[in-house]
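Following: one structure in structure tokens, then a few remarks.
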Amino acid sequence: MNTYILVSFFVGYLCIALEGVTRINKTGVALLMSVVCWSLFVASAGSGAADVFSTHVTETSETILFLMGAMTIVEVLDSNGCFNFLISHLRTPSLHRLLWRTVVLTFVLSALLDNMTTSILMVMMLRRLIPDVSQRALFAGIVIIAANAGGAFSPIGDVTTIMLWIGGHVSTQGILRGLLLPSMVCVLVPALMVMPRLSGSVADPVVSQSETPSEFSRRGRILLLLIGVLGLVLVPVFRSLTGLPPFVGVMGVLGLLWISTEVMLRHRVPTTEECSVRVAETIKRIDMPTILFFLGILLSVGALRETGSLAAFGNWLEVHVGNVYAIDGAIGLLSSVVDNVPLVAGAMSMYEIQPAGCAPDLAMYQQDGVFWQLLAYCAGTGGSLLIIGSAAGVVVMGLERMTFGWYLRRFSLLALAGYLAGLFSYWLMNFIL
């Protein structure tokens with residue numbers, strides 16, 4: 001029966017990877033794949049299989065609830081125009097200065113929010129700052145690289161780092177300490193290579209002062225922004241103090257944000273605009289297909305893990321490849337072609353987290369070990385090599401009408417240079433220390 005589970009998983013995975021060819025949404029495939037895999041497992045395992053499934057549901061639900069809460073918080077802030085004041089800090093007639101301001105802001109925001117949401121916000125702001133399409137395309141390309149790099153060193157910056165963090169494979173301090181420098185190098189190298197392509201000044205630096213319609217004053221929007229962003233930043237602190245799962249802290253932040261918006265609006269006469277910014281309405285606009293896709297993938301990988309196939313494959317890699325940099329580096333390159341969520345979920349199932357004081361040859365699999373930190377970096381930044389390799393790339397591709405070939409010619413080699421430079425800087429840090 002294990003063979004049938006493997007075949008079902010790889011057929012489903014192939015359909016997900018070929019979504020552009022089959023024109024069948026990957027979410028539907030992932031959900032059906034999870035049902036088929038677990039049904040086959042239950043049929044073969046018999047009694048006790050339901051308890052095993054419940055354990056996986058509990059683990060998966062923590063990640064799903066975290067993502068739902070975080071996405072709702074960001075959607076509330078965006079719907080109320082809380083990010084508009086950032087435009088005034090970006091504005092400059094110099095293309096070179098605008099490039100570096102864009103890189104820094106994208107890098108920081110993606111670490112605090114997530115790379116997909118950050119990419120959307122940055123492209124929307126760049127549209128108001130750079131009317132020239134050809135100029136803006138170069139900025140949009142570097143936004144993809146900066147967003148993926150910024151999400152790689154933060155426990156809440158990317159779905160893959162969230163998975164590793166919630167699973168206990170990396171800690172907040174460990175991933176920040178280990179991956180901040182490599183992530184900075186990863187975006188610094190492509191940004192320096194883009195600079196010679198920029199000449200002159202912004203075509204029209206004068207930007208309209210209009211903002212996203214909102215029922216809140218500037219002070220109110222800043223207050224909501226502080227509650228949302230600062231709350232997300234403090235979720236790791238909440239986890240360390242209470243020991244509760246991270247999604248509990250996110251739900252607390254969402255509750256506080258919800259109450260704050262209701263208090264600010266309680267004396268207003270209800271209008272259509274006001275209703276659209278209330279949290280109850282905003283929840284309807286979060287990306288549920290993406291949430292359900294993660295649910296299907298994580299449950300499918302859980303079924304595959306129970307067959308023992310992933311652990312056996314991990315042992316084969318350790319014996320025949322051995323070099324952790326080669327293994328994780330290959331996973332990163334592969335993530336530019338296929339989705340990095342199932343790749344990371346599979347890698348997490350191939351190896352067990354080793355306890356402190358284990359044998360030296362197993363130390364790389366301890367919490368914050370080299371394997372897990374490199375996995376977070378490679379899977380997070382490797383998607384920048386192709387425009388279809390990350391959620392940030394796909395979003396920018398749709399918003400700016402970029403083509404696969406244009407990005408391949410203009411940015412793939414730049415992204416590869418940054419990826420390898422960051423990988424080398426991580427090795428150098430470990431070699432020196």
Decide side-chain contact (heavy atoms from CB on, under 4.5 Å) for V344 and M348; before the verdict, give the C-alpha distance in whole Å, the side-chain angles of both, and the deciding distance to 0.1 Å. CA-CA 6 Å; V344 172; M348 290 168 62; 3.8 Å; yes

Rounded distance (nearest 0.5 Å) linking atom NE2 of H169 with atom CD1 of I175: 12.0 Å

Quick check: does any side chain N or O of D132 sit under 3.5 Å from a backbone N or O of S134, one acting as donor and the other as acceptor? yes

How far apart are the closest heavy atoms of F107 and L180, and which atoms are they? CE2-CD1, 4.3 Å

Starting from the C-alpha separation in whole Å, work towards a yes-or-no answer on side-chain hydrogen bond (donor to acceptor under 3.5 Å, both in side chains) for N148 and T381. CA-CA 5 Å; N148 288 331; T381 61; over 6 Å; no

Test side-chain contact (heavy atoms from CB on, under 4.5 Å), reference P190, set I144, I142, L413, V103, output is I142

Side-chain donor/acceptor of T261 to backbone N/O of W258, under 3.5 Å: yes

Can you check whether G174's main-chain N or O pairs, donor with acceptor, with Q373's side chain at less than 3.5 Å? yes

Show the nearest heavy-atom pair for residues F66 and V235, with the distance to one decimal. CE1-CG1, 4.1 Å

Within a strict 4.5 Å, meaning less than it, do heavy atoms of the I291 and L295 side chains meet? no

Answer with yes or no after comparing the ring centroid distance for F424 and Y325 against a 6.0 Å cut-off, counting only values under it. no

Does a side-chain heavy-atom distance below 4.5 Å link R127 with R136? yes

Of all residues at least two apart in sequence or in a different chain, which pass the salt bridge (charged side-chain N to carboxylate O under 4.0 Å, His left out) check with R239? none

Would you say S34's side chain and S300's backbone share a donor-acceptor pair under 3.5 angstrom? no

Residue pair V194 / F411, side-chain heavy-atom distance below 4.5 Å: yes

Rounded to the nearest 0.5 Å, the CZ atom of R101 sits from the CG atom of L105 at a distance of 11.0 Å

Set out, in order, the CA-CA distance, both residues' side-chain angles and the distance that settles side-chain contact (heavy atoms from CB on, under 4.5 Å) for L423 and L374, then state yes or no. CA-CA 8 Å; L423 198 60; L374 267 183; 3.4 Å; yes

Distance (rounded to the nearest 0.5 Å) between L164 CG and S171 OG: 11.5 Å

Quick one: does S412's side chain have a donor or acceptor within less than 3.5 Å of a partner on L385's backbone? yes

Please name the residue in the list Y377, Y426, Y365 that meets the ring-ring contact (aromatic ring centres under 6.0 Å, His included) test with F371. Y365

Can you sort out the partners of E352 under salt bridge (charged side-chain N to carboxylate O under 4.0 Å, His left out), two or more places apart, ordered by chain and number? none

When you look at L126 and I130, which way does the side-chain contact (heavy atoms from CB on, under 4.5 Å) test go after all the steps? CA-CA 6 Å; L126 288 172; I130 309 175; 4.0 Å; yes

Find the distance between CE (M33) and CD1 (I5) and round it off to the nearest 0.5 Å. 12.5 Å

Between V189 and A421 the two heavy atoms that sit nearest each other are CG2-CB, 3.8 Å

Please give me the minimum heavy-atom distance between V143 and S119, naming the atom from each residue. CG1-CA, 4.1 Å

For G228 and L77 the tightest heavy-atom approach is CA-CD1, 4.1 Å

Contact between I73 and L232 at the side-chain level, heavy atoms closer than 4.5 Å - yes or no? yes

Counting N and O atoms only, with roles assigned by atom type, does the side chain of T161 sit under 3.5 Å from a partner on the main chain of D158, one being a donor and the other an acceptor? yes

Between F293 and V159, does a side-chain contact (heavy atoms from CB on, under 4.5 Å) hold up when you go through it step by step? CA-CA 12 Å; F293 171 70; V159 177; over 6 Å; no

Can you tell me how far CZ of F153 sits from CG of L181, rounded to the nearest 0.5 angstrom? 11.5 Å

With a 4.5 Å cut-off on side-chain heavy atoms, are R410 and R197 touching? yes

From CG (L333) to CG (L416), nearest 0.5 Å: 7.0 Å

What's the shortest heavy-atom distance between L98 and T102, and which atoms? O-OG1, 2.7 Å

A side-chain contact here means heavy atoms from C-beta on lying under 4.5 Å apart; do W100 and M195 qualify? yes

Judged by atom type as modelled, is there a donor-acceptor pair below 3.5 Å linking the side chain of W38 to the main-chain atoms of L299? yes

Dump the intermediate steps for side-chain hydrogen bond (donor to acceptor under 3.5 Å, both in side chains) on N115 and S110, then the final yes or no. CA-CA 5 Å; N115 48 16; S110 63; over 6 Å; no

So, does H56 use its side chain to make a donor-acceptor pair with the main chain of A303 at under 3.5 Å? no

Count the heavy atoms of every other residue, nucleotide or ligand shown that sit under 6.0 Å from CE of M184, and state whether that count exceeds 12. no

P246 side chain near I166 side chain, heavy-atom distance below 4.5 Å: yes

Any donor-acceptor pair under 3.5 Å from T27 side chain to L292 backbone: no

Side-chain touch L31/V35, heavy atoms, less than 4.5 angstrom: no

